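Okay, structure first, notes after.
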Amino acid sequence: MKILWLDINSSYSHASLALPALHAQIIGTHLDKGNSWNVVRGSIKSDMDEIIGQVEQEEPEILFATLWLFTHEFVINILSRIKALRPGVMIVLGGPEFFGENEEFLRRNIGIDAVFRGEGEEFLGQWLPICHEKEKWSGVKGLCFLLDGNYIDGGKAVVSDFASLRYPEESPFFVSDRSFVQLETTRGCFNSCQFCVSGADKPVRSLSIEQIRNRLNYYEKKGIKSIRMLDRTFNGSAKRCKEMLDLMNEYNGRLTFHLEIHPSLLKEDLRNELNKMPKGLLHLEAGIQSLHDEVLSECTRNGDVESALDGLKFLFTLSDRMETHTDLIAGLPLYCYRDIVEDARVLVTMNAGEVQLETLKVLPGTRMRERAEELGLRYSPVPPYEILSTPHISFNELRRAMILSRLLDIYFNHSPLRELFREIAMDGFELFEKMVDFFDKESGQLFFLSLENKAKKLYSFIKKFDPKHIAQFQRIWIENGINMNTLPGLKSVEPIQYSSSDEKHIRSYRVSTDKGCWIVRYDRSVSQSVPIEILDN
Ligand code: SF4
């Protein structure tokens, strides 16, 4: 049989593990040798006709694909056209989109033959031998389909032994040329956050340290530099966490690691270990979701706010050695607009490396989705299932929370204007909230502006509501080498002559504005626009 995998990702930065993870399990078996396997890859930005053309050329008899929030619509659009072109092709889908109730989807998308719920590694071995005998499909755990108009639900598949699965990189379909690879070191999570698909995934299963070392060695040989650890329990156990940190340390200078860490679970000995980690080795994601205990407990997320904030404070002290980012989720039950703005403000004042503010996605298969009606959650019925309102936040307040989210990305996260943004946050809630109102109508366009125009927009806010920061703004403008002639409040720029021949490559100016005066020095051998020194005059 000709089997084709349609691999559509939301970006090109990494490839999905689904195809190689499943294919690796049948390598060397008759299911591999007796069938021809191929893949058509793309992203949601790809040309749809081009992808359909490639699928057509393959003339598949069976077509597999996985769906995720942001690929769902694109993949379904492609598949409905493929089914129209090639009615005989059998289409089976999997992925997080099918963790919940699947009957409605199957009745709406009659061209889809079946969808699969759960962990897929044992699926091919069970289903491929009986793929043409639909009456036998009910024996395949996780498979959901319609038979003579009746919906058959196969429940949820869980692999019998996660640690003994063959590795995705054993498959020729494993992709190693993207900016990072994902390494699934555990499945499941010790925590029970109701908004997360891993919250109900128990028990936690893990690879041994030796298994992980073998895989890292393989990646290193392949020239891979960056690893995203899929380990939701990274510091759930202090002992394993230390072992993992020691392991990662072995690869210092050769690999870098991105991982999630729970800020509530940072005991003294773990802090000491993190303190010893070398510069650039780790990038930490420290989810906090809300700084309100009642919100977290409504989501059954373990870990209180006080200890999480204490953990975050510690992590932010490591910023000279590792990037740390944290996130909040607008739209969680009991979380109101004022609290969201205040929480974001507090994290900014704490000098978090990055603050992400997202809206809740009411995901299929999560407890939050099951409780949506009870909690009064209104959410989009189509992906990405974003929250639209709750009894504690209106649609318009959520929209304004997303304006704040954009402002964080533009003026704080990796922004040259970050320190200024932080100063505004330090001035208190009223001013911070006023900033969101100020940008209400135009934040959508902000992303597309040059740094100069982004800075000018912030200047108009500061000038009107927070003029004491104008001098700091002007200095930041000069520091970042933005066009001096358009510096807001500029009075004059006068060259300063130096007689010493040693200073030939140095240019110095006295820059006067309505709020300050500086001596600005440029080294032409370094940069024409970014100064090497700014001195108060
Ligand atoms: S701690 Fe993270 S991975 Fe675990 S259930 Fe909560 S959100 Fe999900």
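Model, not experiment: these values are computed from the prediction. For ligands, and for the atoms within them, numbers begin at 1 and follow the listed sequence.
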Environment of atom 8 (Fe) of ligand 1 in terms of protein N/O/S atoms, cut-off under 2.8 Å:
Cys196 SG
Residues, nucleotides or ligands: over 12 heavy atoms within 6.0 Å of Arg418 CZ:
yes
With sequence neighbours excluded, give me every ring pair (Phe, Tyr, Trp, His ring centres under 6.0 Å) pair touching residues 264-287.
His258-His283, His283-His325
CD (Glu374) with more than 12 external heavy atoms under 6.0 Å:
yes
Tested for side-chain contact (heavy atoms from CB on, under 4.5 Å) against Tyr335, the lone hit among Ile329, Asp343, Leu360 is Asp343
If you measure from each non-hydrogen atom of His262 to ligand 1, which part falls under 4.0 Å: side chain, backbone, both or neither?
neither
Can you report which non-hydrogen protein atom sits closest to atom 2 (Fe) of ligand 1, along with the distance?
Glu260 OE1, 4.0 Å
With Gln194, which of Arg367, Arg371, Glu298, Arg369 fulfils side-chain hydrogen bond (donor to acceptor under 3.5 Å, both in side chains)?
Arg371
Check this for me: does any side-chain nitrogen of one of Arg107 and Glu104 sit under 4.0 Å from a carboxylate oxygen of the other?
no
Other residues, nucleotides and ligands only: do more than 12 of their heavy atoms fall within 6.0 Å of CZ on Phe429?
yes
